[in-house]
**Student:** 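Structure incoming, see below.
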Amino acid sequence: MKLSLRGIVFSALMAAILVLFGYISIPIGFSPVPITLQTLAVMLAGGLLGPLYGFLSVTMVVLLTALGFPLLHGTGGLAVLLGPTGGYVMMWPISALLIGLLLARINIKGVTGFILAFIIFELFGSLLVYVSGVPWLAYAYKMDLPEAMIQGFYPYIIGDLIKSAFAAIIIAPVRMVFPPQRLTGNVHSTVVKAES
């Protein structure tokens, strides 16, 4: 598949937002995993840019971090990806990809569309990340899985529900005016117009 310059530019902009959201970080004393807005950025990447460019934008951040660029909380290198939050970070590109794929298959207009978008964001932008994040946290800190759930899952549930709702509120009206095909330069797609 051919990449467009516009799609690459928007991918880079979304990658910058992901990096910026990493600086909004609230540590909680009993866990090595801080509260951040990074999962919201991953949701927005898949939701705004679609599967290909959403995946590309998040993967850029992960790869550049692995190469040593200080992009996650001002730090970089393989040690970041192998640290306690590495399992979460490694799932981000897959999350953006799946969000983009699934949102393209639903009608996001109206209450039903909002609910479906919220469910997609919560399942694939939040809960899926824990599938790799919590076991990796348990491995990295040599704790059992129930303890890893206490430190790496339960404290974040309410915040993730709020981020998923916020992403759905943003994505629904934006996609009606600027669907991913328009943002990323695929001019052969039909632009979905908002209902009056």
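Predicted, not measured: the structure shown is a model, and the values here were computed from it.
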**Student:** Please check if the number of heavy atoms outside Phe166 that lie under 6.0 Å from its CZ is greater than 12.
**Tutor:**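 Count not over threshold, so no.
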**Student:** Are Leu78 and Leu64 linked, directly or through intermediate hydrophobic residues, by side-chain heavy-atom contacts shorter than 4.5 Å (ILVMFWY only)?
**Tutor:**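 In one cluster: no.
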**Student:** Where is the tightest heavy-atom contact between Gly74 and Tyr23, given as atom of each residue plus distance?
**Tutor:**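 Scanning both residues, the minimum pair turns out to be CA-OH, 3.3 Å.
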**Student:** Got a second to check how far Phe55's CZ is from Ile99's CD1, nearest 0.5 Å?
**Tutor:**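 Rounded to the nearest 0.5 Å, the CZ-CD1 separation comes out at 13.5 Å.
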**Student:** Give the table of side-chain donor-acceptor pairs shorter than 3.5 Å for residues 141-152, with sequence neighbours excluded, one pair per line with atom names and distance.
**Tutor:**
residue : atom : partner : partner atom : Å
Asp144  : OD1  : Glu147  : N            : 3.0
Glu147  : OE2  : Gln151  : NE2          : 2.7

**Student:** Listed by chain and number, what are the side-chain contact (heavy atoms from CB on, under 4.5 Å) partners of Val33, not counting sequence neighbours?
**Tutor:**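 Val33 satisfies side-chain contact (heavy atoms from CB on, under 4.5 Å) with Ser31, Thr85, Tyr88, Leu137, Tyr156 once adjacent residues are dropped.
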**Student:** Do Ile162 and Ile35 share a hydrophobic cluster (ILVMFWY, side-chain heavy atoms under 4.5 Å, transitive)?
**Tutor:**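 The answer is no; the residues belong to distinct hydrophobic clusters.
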**Student:** With sequence neighbours excluded, what pairs up with Thr59 under the side chain to side chain donor-acceptor pair (under 3.5 Å) test?
**Tutor:**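 Once residues adjacent in sequence are excluded, Thr59 has no partner under the side chain to side chain donor-acceptor pair (under 3.5 Å) criterion.
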**Student:** Donor-acceptor pair, distance only, cut-off 3.5 Å: does the side chain of Thr75 make one with the backbone of Leu72?
**Tutor:**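 Here the side-chain-to-backbone pair exists.
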**Student:** Would you say Arg175's side chain and Gly47's backbone share a donor-acceptor pair under 3.5 angstrom?
**Tutor:**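 Judged by distance alone, yes, a pair lies under 3.5 Å.
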**Student:** Considering only heavy atoms from C-beta outward, does the side chain of Leu98 approach that of Leu128 to under 4.5 Å?
**Tutor:**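 Side chain of Leu98 against side chain of Leu128, heavy atoms only: contact under 4.5 Å found.
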**Student:** Between CG of Leu71 and CG of Leu20, what distance do you get to the nearest 0.5 Å?
**Tutor:**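 So the gap between those two atoms works out to 12.0 Å.
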**Student:** Going by side chain to side chain donor-acceptor pair (under 3.5 Å), name the residues that satisfy it together with Ser164, two or more places apart in sequence or in a different chain.
**Tutor:**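 Expected list: Glu122.
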**Student:** Got a sec, which residues hit side chain to side chain donor-acceptor pair (under 3.5 Å) with Thr65, two or more places apart in sequence or on another chain?
**Tutor:**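 In terms of side chain to side chain donor-acceptor pair (under 3.5 Å), with neighbours along the sequence ignored, Thr65 is linked to no residue.
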**Student:** Which residues pass the side chain to side chain donor-acceptor pair (under 3.5 Å) test with Thr36, sequence neighbours left out?
**Tutor:**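 Checked Thr36 against side chain to side chain donor-acceptor pair (under 3.5 Å); matches are Gln38.
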**Student:** I'd like to know if the side chain of Trp136 and the backbone of Gly83 have a donor-acceptor N/O pair within less than 3.5 Å.
**Tutor:**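 Present.
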**Student:** Phe118 vs Phe114 aromatic rings, parallel, tilted or perpendicular, using cut-offs 30° and 60°?
**Tutor:**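 Parallel, since the angle between the ring planes stays under 30°.
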**Student:** Kindly say whether Ala15 contributes a backbone atom to a donor-acceptor pair with the side chain of Ser57 at under 3.5 angstrom?
**Tutor:**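 It does not hold such a pair.
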